[in-house]
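In what follows, a single structure is set out as structure tokens and then discussed.
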There are 2 protein chains.
Amino acid sequence: MLPAFDSERLAVTPSHRRITIKDLAARLDVSTATVSNAFNRPDQLSPALRDRILSEARAVGYTGPDARGRSLRTGRSRIIAVVLAESLTYNLNDAVASEFLAGVAEVVDGHGHTLLLLPARQGARLESASMADGFIVYGLVADPRMLEQFPSQKPLMAVDFDIAGHASVHIDNQFACLNIARHTLRQRPRRPAIINLRLTAEPCNGRIIDQPLYEESQTITRLRLNGFYEALAEHDIDPTTVPMWNIEENTYEVCAPVIAGILDLPDDERPDLLLCMSDRIALTVLTLAEQRGLRIPEDLRITGFDGIAEGQYRAPRLTTVRQDSVAKGRLAASMVLGLVPMKHHCLATQLMIGETSP
Amino acid sequence: MLPAFDSERLAVTPSHRRITIKDLAARLDVSTATVSNAFNRPDQLSPALRDRILSEARAVGYTGPDARGRSLRTGRSRIIAVVLAESLTYNLNDAVASEFLAGVAEVVDGHGHTLLLLPARQGARLESASMADGFIVYGLVADPRMLEQFPSQKPLMAVDFDIAGHASVHIDNQFACLNIARHTLRQRPRRPAIINLRLTAEPCNGRIIDQPLYEESQTITRLRLNGFYEALAEHDIDPTTVPMWNIEENTYEVCAPVIAGILDLPDDERPDLLLCMSDRIALTVLTLAEQRGLRIPEDLRITGFDGIAEGQYRAPRLTTVRQDSVAKGRLAASMVLGLVPMKHHCLATQLMIGETSP
DNA sequence: CTGAAAGCGCTTACAG
DNA sequence: CTGAAAGCGCTTACAG
């Protein structure tokens, strides 16, 4: 199945000295400037000489000007860094984060730049950060000193949170949650409840009793809660009587045990409406509820947040709020590349009514 | 909802000249070597002097040695590039690719390196490629000249295809498909069919009649087909009589119309077994079949490939082959970082029997 | 414990 | 149309 091979001939880290513009210049008896021009400014030398240089380059295996030297000289690397508050693994596997990154990638790539992924975990020293020409910080970075590592002369902007003095992209979290809760509360649920995402100041994966919560300025999920509370109050429900749970990480594995605990409550305690702060949470509710034979929406109404594909290409479809993460990524990239002015932006969301709460 | 702000004070691209080790040396009347040592080799200077340097650095906003200068001097950037055959958008949104990238990221990050994402689209000039210390090429790169852009002295390895003279990581595609087809053919389907992924030499999103296919050396999906054919022959079915379709991109949007066409065939022509080359395809079959009221597995058996979470956290669960993409990524990264020897690897897969073909 | 000097590979303004 | 020279910011072997 695999090609026959001779392990001796497999390329490891080869030891040849790298070929440079200087070697090439020496071999051809021209100046390094001319070799450089052959690659970067065809109009600066005769076609004949250029051909001679390029073919000699090919012959000796010179693959073009080295990016290290070039970027030191020009001051630009054509690299844009995305600084990620959560782990790389989380960001790559989560649908919302992936779409955001895809939006960033599209614009960055379209402008001849590439993407460097920098996880901003606690205490990380990001040696290669200063390589980048600009920074997009995605999500609340736990350690603010992290941000001081980035060269202050380069463009930097924040997504889904704020960094003093810098541009940002947000969505209308509170308004969106007010709307979806308003919609579903019209059905007069008897036991509404809320499943929050990363809302407690200290880690907590389970029921929230008196744990302190993050402030509005710290996390967007607090704004989502405000929206839910506003709608509850409108419906004459005292929000403080509504049970709440907290989820620490937006993955099936982390959600599932908490949700199982909720669904396994006695019939007269089990919520008949779960307002969830993400589609991942809502879909996990749906899966576990179906396994338990609960009827959706008769026994249990479910709402999500995000509008990811997985919640829409299934039956029943999730009632949720769609946010356009791709657009968010595109806008962030456009700002950091200087294609649009640095500003504070707030993107609109859209209520999507599926069968989990018609 | 957004903080009040004064648009005049928002950081755009600031104009200050960047501060260097030289500025710092001048201010403190020490050599640049000493400033460098303060950041990189604490043992090379007295603690008192080091403190003086670091606090002056903080005071003037110097964020540490610039990666461009450093990497030019040391020859290393601590950046590993992943060269992606498909678009960045595809790679970020596809579950298998995301897991692969997460595996790479885990090891790369664990060794103090960061990840540069390089889309290898046709004709791309990857200016920043030579920045990286090593290259992982993921998937068959359409244009082989692409690979010549990478500095030949640096470690490079291929995943899911082969590059002459370089190490690789594969899975046992043919064997895995032989096994899953053997399993499902025991039920003696009357009208088995195959849905391929990117198997025709020329783009084709639909039925395959006589279109030429890629060779084994070009794509892993040809190996998957070989496995299916082997099992069909074992069951005395002439593989050439089995209808085949081709899917050009492993996304719901691209699959759906082709699959709808298959499912909407008259009852006596509609396949009662669909061997799919990915879970994404199989899940799309499942969604569209459920919408049409087909009973699974009575009216239609479905098998997938990959073992992604979405196919397992649902009812009915997909019968599929699980490949450990995270392990693939970890191994690729370990090789390119020099943590394990450069070799050809073939990782085992696992047959997973769900309810779509018990 | 500290510093003077060389040089990593490149591009650019300038002179010819 | 081509070349000599400076310098981007840094680290390192070496001398003191």
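Note that the structure is a prediction, hence the values are computed from the model and not measured.
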Structure string for DNA chain D in dot-bracket form, Watson-Crick and G-U at under 3.5 Å, | interchain: |||.||||||||.|||
Separation between CZ of B/R70 and CZ of B/R78, rounded to the nearest 0.5 Å: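 Interatomic distance, B/R70 CZ to B/R78 CZ, rounded to 0.5 Å: 8.5 Å.
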Less than 4.5 Å apart, side chain to side chain, heavy atoms only: is that true for [X] and [Y]?
X: A/N91; Y: A/L117; result: no
X: B/F161; Y: B/V137; result: yes
X: B/D324; Y: B/L347; result: no

Side-chain donor or acceptor of A/S168 paired with backbone N/O of A/V159 under 3.5 Å: no
Side-chain donor or acceptor of A/T32 paired with backbone N/O of A/A25 under 3.5 Å: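 No: the side chain of A/T32 does not pair with the backbone of A/A25.
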Plane angle bin for A/F39 and A/Y62 - parallel if under 30°, tilted between 30 and 60°, otherwise perpendicular: perpendicular
Along DNA chain C (nearest heavy atom to each residue), the more 5'-positioned of B/L72 and B/D29: B/D29
Atom pair distance, as rounded to whole Å: CZ in A/R50 and P in D/dC1: 13 Å
Atom pair distance, as rounded to whole Å: CG in A/D51 and P in D/dT2: 12 Å
Base-contact (B) and sugar-phosphate-only (S) positions in nucleotides 10-16 of chain C, heavy-atom cut-off under 4.0 Å, - elsewhere: BBB----
Pair B/R58 + B/D51, salt bridge at N-O below 4.0 Å: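 Salt bridge absent between B/R58 and B/D51.
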Touch class at under 4.0 angstrom, heavy-atom based, for A/L45 against every strand present: sugar-phosphate
